[in-house]
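Below, chains carry the letters A, B, ... as their sequence lines are ordered, and counting in each starts from 1.
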2 protein chains.
Amino acid sequence: MGTPQALGGLPLAPVAPRPELAPTSPRVGEIIAVAREVLEHEGAAALTMRRLGELLGIRAPSLYKHLAGKTQLETMLVDAALVETGDLLHGVVDRADAAGVLGDLLAAYRAHARAQPNLYRLVTAGPLRRDQLTAGVEEWAGEPFYRATGEPYLAQALWAAAHGTIILELDGRYLPGSDLDRTWAALTAAFRRPVDDDRSG
Amino acid sequence: MGTPQALGGLPLAPVAPRPELAPTSPRVGEIIAVAREVLEHEGAAALTMRRLGELLGIRAPSLYKHLAGKTQLETMLVDAALVETGDLLHGVVDRADAAGVLGDLLAAYRAHARAQPNLYRLVTAGPLRRDQLTAGVEEWAGEPFYRATGEPYLAQALWAAAHGTIILELDGRYLPGSDLDRTWAALTAAFRRPVDDDRSG
DNA sequence: AACGTTAGCTAACAGCGTTAGCCTCAGGCT
DNA sequence: AGCCTGAGGCTAACGCTGTTAGCTAACGTT
């Protein structure tokens with residue numbers, strides 16, 4: 001298997017295995033698909049058991065023949081979304097060169113979140129039922145940041161910074177009139193220069 | 001009025017005026033205080049109109065004699081919290097020197113959020129009823145980041161990055177075993193070096 | 001004394017996630 | 001053929017949420 005280029009040291013090759021989602025029954029797959037539609041097109045407040053039943057032609061309590069509850073449904077949405085995000089970002093890093101990988105990664109992260117803001121909020125906000133997630137899916141989704149930086153704590157800081165920058169954008173929290181392209185450019189510039197020394201500890 | 005030192009250029013003196021919160025009736029002040037107690041000590045899920053009434057010795061519908069609704073109550077909590085945050089961070093920048101202002105500011109931001117995580121989430125998550133906020137309160141709370149960086153877009157990126165880093169910490173979203181002190185150190189290091197050139201546009 | 005305002009109350013509504021219990025139908029087994 | 005079992009629907013209902021309508025007692029003013 002031809003691993004990506006590591007010329008010059010960056011970007012690194014992937015090491016985390018791509019997680020395989022557990023297969024679901026056809027009906028559960030249908031429910032998840034409808035839930036995702038509702039979430040993205042009608043908003044998080046519209047994602048109710050009764051609304052899902054309505055679109056599936058059944059009553060809300062019947063959903064419990066297929067699901068343990070709404071929390072589990074949300075977790076499955078998060079699970080799938082994390083794999084997709086990982087696929088996307090790994091692909092970006094695969095195609096990038098050392099000079100541009102940081103900018104490409106951040107641009108892709110931003111575009112991805114803006115393309116499905118409600119799903120992004122669901123994935124990243126609030127507590128996470130880690131025990132219900134597919135094993136390794138978080139590592140898979142986050143690894144591109146490590147591949148782009150080559151240092152685990154810088155990777156984590158970069159991911160966190162990107163998250164903060166996009167979630168505030170999605171929630172309309174910047175002051176009116178802000179030029180967010182420039183904000184993202186400033187973020188990218190701050191992380192572009194490799195940090196060769198930090199006086200931590 | 002003795003403005004803080006600007007020796008070496010940084011930190012800058014404050015320019016945003018400290019906003020004055022509109023006074024409330026004594027009973028509304030009581031409600032806000034109780035709401036804040038409940039939010040922080042019992043969690044966001046416990047912040048219900050019936051729970052507030054219970055602690056105040058009245059029934060939930062009676063709260064509507066004082067408030068327009070739960071949203072308005074939350075907005076008032078946000079309003080007060082933003083002023084407090086601004087006061088804290090301005091004070092930190094006032095006392096800092098150019099070399100340490102960035103680290104001091106980020107450390108204070110992190111500590112402040114960790115000291116009242118539920119209030120921090122309320123202030124920063126989800127949509128904001130900007131028209132119900134006291135005018136200028138967001139500028140006041142955010143200005144310390146400008147004073148510390150001297151450049152508006154870098155300031156915005158720094159604030160967003162700090163927000164992302166702390167909100168993931170509060171929500172337990174980092175991989176288990178992460179050393180968050182080192183993550184914060186990496187973030188600080190990335191922003192410490194002044195960015196003299198970014199090829200934006 | 002009469003009035004209006006303030007601030008409490010109960011009852012109720014619509015919507016939420018969820019549970020209990022019932023029914024019907026398809027498929028496999030004896 | 002007859003039986004049984006499980007899957008997947010259903011209705012009714014519970015407790016919770018924010019919120020509204022309408023009533024009432026107290027208080028201050030004219």
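The backbone N or O of Gly126(A) lies less than 3.5 Å from a partner atom in the side chain of Arg173(B), making a donor-acceptor pair. In this structure, Thr48(B) contributes its side chain and Arg51(B) its backbone to a donor-acceptor pair below 3.5 Å. No donor-acceptor pair under 3.5 Å is formed between the side chain of Tyr109(B) and the backbone N or O of Ile166(B). Panel note: side chain Asp79(A), backbone Leu133(A); no donor-acceptor pair is recorded below 3.5 Å. Panel note: side chain Glu143(B), backbone Glu139(B); no donor-acceptor pair is recorded below 3.5 Å.
Of all the residues in residues 62-74 of chain B, Ser62(B), Lys65(B), His66(B) reach under 4.0 Å from DNA chain C with at least one non-hydrogen atom.
Counting heavy atoms of neighbouring residues, nucleotides and ligands inside a 6.0 Å radius, atom CD of Glu20(B) does not exceed 12 of them. Counted within 6.0 Å of CZ on Arg59(A), heavy atoms from surrounding residues, nucleotides or ligands total 12 or fewer; the atom is thus considered open.
Computed from coordinates, the Arg59(A) CZ to dC16(C) P distance equals 14 Å when rounded to whole Å. In this structure, Glu54(A) places its CD atom 15 Å from C1' of dC16(C), rounding to the nearest Å. If you take CE of Met49(A) and P of dC14(D), they are 20 Å apart, rounded to a whole angstrom.
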Please walk me through it: do His66(B) and Ser25(B) pass side-chain hydrogen bond (donor to acceptor under 3.5 Å, both in side chains)?
CA-CA 9 Å; His66(B) 306 278; Ser25(B) 77; 4.9 Å; no
Polar atom pairs between nucleotides 12-14 of chain C and protein, under 3.5 Å, N or O only, would you list them?
none

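The only member of Leu180(B), Leu105(B), Leu170(B) that meets side-chain contact (heavy atoms from CB on, under 4.5 Å) when paired with Arg110(B) is Leu180(B).
Residue Leu52(B) is classed as having no contact, given no heavy-atom separation below 4.0 Å to the nucleic acid.
Helix bend of the helix from dA1(C)-dT30(D) to dT30(C)-dA1(D): the angle between its two end axes, each built from five pairs, comes to 20° after rounding to 10°.
Listed pair Arg27(B) / dG8(C) meets the phosphate criterion, a side-chain N or O lying under 4.0 Å from OP1 or OP2.
At a cut-off of 3.5 Å, with distance as the only test, a side-chain donor of His90(A) or Arg147(A) sits close to an acceptor on the other residue.
Annotation: His163(A) is in aromatic contact with Tyr120(A) [ring centroid separation under 6.0 Å].
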